[in-house]
Amino acid sequence: MCTHSDPLPRRFYERDTVSVARELLGKVIVRHLRGSLLKGIIVEVEAYRGGDDPASHAYRGLTKRNQVMFGEPGHAYIYFTYGMHYCLNVTTEKLGQPAAVLIRAAQPLTGIDRMKKWRKTDRLENLTNGPAKLTQALSIKRALNGHDLTKKGKLYISRPTNPETFSVVITSRIGIKTGRNKPWRFFIQNSPFVSKQ
DNA sequence: CTAAAGATGTCCT
DNA sequence: GGACATCTTTAGA
């Protein structure tokens, strides 16, 4: 039994990272939190690879922080940065090959009141339009690092029930100092929920 | 051990 | 456009 709202399967993630990143646009991120349900449509992502990508956390090899990137595809890689922010990635490529896709922004769909509470703001466009804003709105913290996204648990990604067509804009990645030449940032054209146009 | 930078967000000018 | 909050991770001595 497999319906459209089930988590994306392992084989979706076990592929070329840039392709996975592009295809994650329009998918739905689902967060079960103490009885409440939070959902959002992914509108902005960035691909980070391994040894050939100087901007990747995995560029210099395996460390305690990035070990999830080296593991099985379809897991959450969550890291803490700037002393206060969490960022959510999904791991890709086959076991042993480090890579991940950074989820940078989403369009709030379900549980908006709860997101407003976590974010301490009422403005819809300001809830999930950035990687750290997204994790704050969905209450995603270090405890979910390594979480399996292919099972119906606290966090997973599924296909939308009512898919809408959209155009994809491709740019270089932002917020990094190296690897800026790679066109590995993707976002949904004209979405008001993208972090930066 | 020490130090510097960081896949950011917010507030200020 | 720029300062700053705040702390983990990593690299280098």
Side-chain angles (χ1 to χ4, degrees), chain A residues 13 16-25 27 29 40 42-71 73 75-93 97-108 115-147 149 155 157 168-188 191-197:
Chain A
Y13 300 101
D16 166 67
T17 308
V18 177
S19 301
V20 175
R22 158 69 185 79
E23 290 175 39
L24 276 172
L25 291 180
K27 298 296 189 293
I29 181 165
I42 297 172
V43 300
E44 180 184 352
V45 297
E46 282 177 0
Y48 286 87
R49 309 212 304 195
D52 66 336
D53 180 6
S56 171
H57 286 171
Y59 183 59
R60 294 165 189 276
L62 180 71
T63 66
K64 195 166 186 177
R65 175 176 67 162
N66 68 22
Q67 59 182 341
V68 177
M69 290 182 76
F70 289 76
H75 288 252
Y77 168 46
I78 295 160
Y79 65 89
F80 184 71
T81 190
Y82 292 109
M84 59 187 85
H85 298 304
Y86 294 97
C87 292
L88 169 68
N89 300 249
V90 299
T91 59
T92 60
E93 311 274 355
Q97 192 175 337
V101 176
L102 173 69
I103 311 296
R104 286 194 57 91
Q107 172 176 352
M115 294 186 199
K116 286 177 178 174
K117 187 183 155 205
W118 288 118
R119 287 276 299 127
K120 302 189 198 303
T121 178
D122 276 342
R123 193 162 159 266
L124 188 63
E125 296 79 22
N126 196 29
L127 290 178
T128 54
N129 61 334
K133 294 180 181 181
L134 178 98
T135 56
Q136 197 178 23
L138 300 184
S139 189
I140 292 170
K141 310 194 175 113
R142 189 188 321 251
L144 284 171
N145 188 36
H147 185 82
L149 302 171
L155 180 67
I157 299 171
V168 176
V169 181
I170 305 173
T171 74
S172 54
R173 295 171 296 180
I174 60 178
I176 53 174
K177 295 212 164 89
T178 56
R180 283 179 174 156
N181 56 325
K182 321 267 192 197
W184 290 346
R185 174 174 178 242
F186 304 90
F187 63 86
I188 292 181
S191 170
F193 303 98
V194 165
S195 64
K196 271 187 175 176
Q197 297 281 339

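So that the names make sense, note that chain A is the first sequence line, chain B the second, and so on, each numbered from 1. Worth saying up front: this structure is predicted, and the values here are computed from it rather than measured.
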For this session: Run the salt-bridge test on D53(A) and R173(A) with the 4.0 Å N-O cut-off and return the result as yes or no.
Result: yes

For this session: Look only at the side chain of R49(A) and the backbone of P98(A), and say whether a donor-acceptor pair between them is shorter than 3.5 Å.
Result: no

For this session: For the residue pair V45(A) and V20(A), establish whether any side-chain heavy-atom pair is separated by less than 4.5 Å.
Result: no

For this session: Give one of base, sugar-phosphate or nothing for R173(A), where a contact means two heavy atoms less than 4.0 Å apart.
Result: nothing

Problem set entry | Atom pair OH/CD of Y48(A) and E46(A) - distance to nearest 0.5 Å | 4.0 Å

Exercise. So with a 6.0 Å cut-off around CZ of F80(A), is the heavy-atom count from everything else above 12?
Worked result: yes

Exercise. For E93(A), what residues pass the salt bridge (Lys or Arg N to Asp or Glu O under 4.0 Å) criterion, not counting sequence neighbours?
Worked result: none

For this session: Could you check Q197(A), K196(A), R185(A) and say which one makes a side chain to side chain donor-acceptor pair (under 3.5 Å) with T171(A)?
Result: R185(A)

For this session: Apply side chain to side chain contact (heavy atoms under 4.5 Å, CB included) to the pair T135(A) and I78(A), showing each step before the final yes or no.
Result: CA-CA 9 Å; T135(A) 56; I78(A) 295 160; 5.8 Å; no

Problem set entry | Non-hydrogen side-chain atoms of N126(A) and R119(A) separated by less than 4.5 Å | yes

Exercise. Mind pulling the stems DNA chain B is in, i.e. runs of at least three Watson-Crick or G-U pairs, everything under 3.5 Å?
Worked result: B:1-6 with C:7-12, B:8-12 with C:1-5

Problem set entry | Working for ring pair (Phe, Tyr, Trp, His ring centres under 6.0 Å), residues H57(A) and Y79(A) | CA-CA 10 Å; H57(A) 286 171; Y79(A) 65 89; 4.6 Å; yes

Problem set entry | With P108(A) via side chain to side chain contact (heavy atoms under 4.5 Å, CB included) - residues at least two apart | I112(A), M115(A), L124(A), L127(A), T128(A), F193(A)

Exercise. First and last nucleotide of DNA chain B in contact with chain A, 5' to 3', at under 4.0 Å to a heavy atom: what are they?
Worked result: dG6(B) to dT10(B)

For this session: With R104(A) as the cation and F186(A) as the aromatic partner, state whether NZ or CZ is under 6.0 Å from the six-membered ring centre and within 45° of the axis.
Result: no

Seminar exercise, completed: What residues 123-138 of chain A contributes to the DNA chain B interface at heavy-atom separation below 4.0 Å is G130(A), P131(A), A132(A), K133(A)

Problem set entry | dA3(C) versus dA5(B) - spacing of their P atoms, nearest Å | 15 Å

Exercise. Quick one: what's the B/S/- string for nucleotides 3-13 of chain C, heavy-atom cutoff under 4.0 Å, read 5' to 3'?
Worked result: --BBBSSSS--

For this session: Is it possible for you to check whether R142(A) lies under 6.0 Å from the centre of the six-membered ring of Y86(A), through NZ or CZ, and within 45° of that ring's axis?
Result: no

Exercise. Which is true for R119(A) with a 4.0 Å heavy-atom rule: it touches a base, it touches only sugar-phosphate, or it touches nothing?
Worked result: sugar-phosphate

